[in-house]
Engineer: 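Next up is a structure, given as structure tokens.
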Amino acid sequence: MNSSGMPQVKTDDIKASTRKFASALVESKEFTRFDAADVQFHADAQANQALREYQEFAQSIQTKRMFNTLTPIEQQELERKWIAFTAFPSVSEYLEAQTEMQALCQACAQVISEACHLDYATACGKSCCG
Amino acid sequence: MDKKFTLSPELESGLQDLSNSLVATEDISGYLKALDKFNSDVKAQSIMKELSTVQADLRLKQTSNQISTEDLEILRSVQKLAQDNAVIANYLMAQQNAIGFLKEINADISQLLGLDFASLAKKNKC
């Protein structure tokens with residue numbers, strides 16, 4: 001028995017199978033693409049600047065967005081800054097790679113959820129409100 | 001349209017091993033047993049159905065500010081029935097244990113990946 005009272009062989013099984021699954025995920029083409037896109041995006045200074053500009057503007061009008069009181073000009077400016085940000089090739093590649101990675105992780109989580117009869121992502125994820 | 005994902009043989013194998021290991025653990029197997037008992041217990045199911053109905057009724061009344069003291073007493077009474085039912089209590093406790101265990105597994109997976117696996121797996125985003 002280990003310190004948690006669980007038979008040692010089961011703890012080892014879990015550790016080994018967790019490592020095996022994580023390794024398979026890391027070796028997937030989706031992870032490879034996402035990892036490369038992440039590095040490329042973070043190295044793109046102009047794209048990061050565009051992101052900061054978008055985030056700063058979005059932050060400045062956050063209350064208005066919550067109460068749906070944006071002026072047409074503010075709405076247009078928000079959209080313009082978003083389009084400017086996503087126009088960078090490193091950003092569009094990152095977003096595409098992220099979408100594929102999310103789809104892969106959802107498919108994997110679905111298998112675990114069905115085995116455990118619990119929604120894995122809901123059980124383990126942080127709520128979107130923090 | 002959702003893309004139907006084809007998992008690689010390595011991932012299929014990894015997921016199969018992980019799933020088999022998970023359901024063999026005390027926390028998950030205990031939860032599955034408690035779930036089975038909960039689903040097949042007529043009294044427990046009846047109480048939960050009643051609780052669900054009372055809660056739905058209250059949510060409706062809340063929109064028009066019509067919740068009475070009697071409504072709240074009915075809610076408390078049904079909640080107490082649920083709390084005092086051993087099958088329901090055991091199921092909820094087992095569920096919490098299983099969720100806590102899966103969170104630990106997710107932390108391990110995420111550490112190996114270098115990113116939060118559960119966050120990427122979440123379907124609906126704000």
Side-chain angles (χ1 to χ4, degrees), chain A residues 1-2 4-7 9-32 34-35 38-39 66 96-130, chain B residues 2-36 38-39 94-126:
Chain A
M1 293 284 183
N2 62 15
S4 309
M6 209 158 85
V9 64
K10 287 189 179 165
T11 308
D12 290 343
D13 279 351
I14 277 291
K15 282 184 181 172
S17 59
T18 301
R19 271 196 303 272
K20 182 181 173 184
F21 166 64
S23 293
L25 204 51
V26 166
E27 284 162 20
S28 68
K29 59 176 167 51
E30 289 83 3
F31 184 90
T32 303
F34 181 60
D35 195 40
D38 185 56
V39 168
M66 280 168 59
E96 270 181 37
Q98 184 183 53
T99 299
E100 279 201 356
M101 188 64 196
Q102 284 169 339
L104 175 62
C105 290
Q106 283 164 16
C108 292
Q110 179 68 24
V111 175
I112 301 170
S113 299
E114 282 167 4
C116 297
H117 289 262
L118 272 171
D119 188 291
Y120 180 91
T122 304
C124 300
K126 298 182 185 66
S127 79
C128 57
C129 303
Chain B
D2 283 342
K3 179 181 168 182
K4 175 87 176 132
F5 230 92
T6 306
L7 299 174
S8 68
E10 292 77 19
L11 262 175
E12 290 265 16
S13 172
L15 276 166
Q16 192 61 55
D17 280 0
L18 181 58
S19 299
N20 290 342
S21 298
L22 285 172
V23 298
T25 62
E26 204 176 303
D27 286 312
I28 302 298
S29 67
Y31 164 69
L32 292 174
K33 282 177 197 153
L35 174 65
D36 196 45
F38 170 71
N39 284 338
Q95 187 183 60
Q96 287 309 304
N97 288 343
I99 288 172
F101 179 68
L102 284 182
K103 283 182 175 172
E104 288 176 21
I105 295 296
N106 187 63
D108 291 342
I109 294 171
S110 300
Q111 190 171 36
L112 291 164
L113 289 182
L115 40 81
D116 186 358
F117 173 63
S119 291
L120 282 169
K122 212 168 158 86
K123 279 188 180 162
N124 298 315
K125 314 238 177 227
C126 283

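As the structure is a prediction and not an experimental result, all values here were calculated from the model. Letters A, B, ... mirror the listed sequences (proteins, then strands); counts begin at 1.
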Engineer: Who wins among A:T122, A:D35, A:T18, A:D119 for the most heavy-atom pairs under 4.5 Å with chain B?
Structural biologist: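 Looking at each of A:T122, A:D35, A:T18, A:D119 in turn, A:T18 comes out on top.
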Engineer: Quick one, B:L115 and A:D38 - any side-chain contact, counting heavy atoms below 4.5 Å?
Structural biologist: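 With C-beta onward as the side chain, the pair stays apart.
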Engineer: Which side-chain N or O atoms in residues 107-117 of chain A pair as donor and acceptor under 3.5 Å with protein atoms at least two apart or in another chain?
Structural biologist:
| unit_1 | atom_1 | unit_2 | atom_2 | d |
| --- | --- | --- | --- | --- |
| A:Q110 | NE2 | A:E114 | OE2 | 2.9 |
| A:S113 | OG | A:A109 | O | 2.8 |
| A:S113 | OG | A:L118 | O | 3.3 |
| A:S113 | OG | A:Y120 | N | 2.9 |

Engineer: Taking every heavy-atom pair that is under 4.5 Å apart, which of A:A123, A:S17, A:S23, A:A24 has the most such pairs with chain B?
Structural biologist: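 Top count of heavy-atom pairs under 4.5 Å with chain B: A:S17.
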Engineer: Quick one: what part of B:L35 sits under 4.5 Å from any heavy atom of chain A, side chain, backbone, both or neither?
Structural biologist: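 For B:L35, the contact with chain A is made by the side chain alone.
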Engineer: Under 4.5 Å from any heavy atom of chain A, what part of B:L7 do you find: side chain, backbone, both or neither?
Structural biologist: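 The answer is the side chain of B:L7.
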Engineer: Looking only at heavy atoms, which two atoms of B:Q95 and B:Y31 are closest? And how far apart?
Structural biologist: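 Nearest heavy atoms, B:Q95 then B:Y31: CA-CD1, 3.5 Å.
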Engineer: Heavy atoms, side chains only, cut-off 4.5 Å: are B:N106 and B:D116 in contact?
Structural biologist: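 Contact flag for B:N106/B:D116 side chains = yes.
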Engineer: May I ask you to name which of A:A121, A:S28, A:C124 has the most heavy-atom pairs under 4.5 Å with chain B?
Structural biologist: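 Ranked by contacts with chain B, first place is A:C124.
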Engineer: Please classify the contact between B:I28 and chain A as side chain, backbone, both or neither, with a heavy-atom cut-off of under 4.5 Å.
Structural biologist: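 Contact with chain A involves the side chain of B:I28 alone.
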Engineer: Can you tell which part of B:L32 gets under 4.5 Å to a heavy atom of chain A, answering side chain, backbone, both or neither?
Structural biologist: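 For B:L32, side-chain heavy atoms alone lie under 4.5 Å from chain A.
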Engineer: Ignoring hydrogens and angles, state whether a donor on the side chain of B:S13 or A:K20 is under 3.5 Å from an acceptor on the partner side chain.
Structural biologist: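 The answer is yes; a qualifying pair exists.
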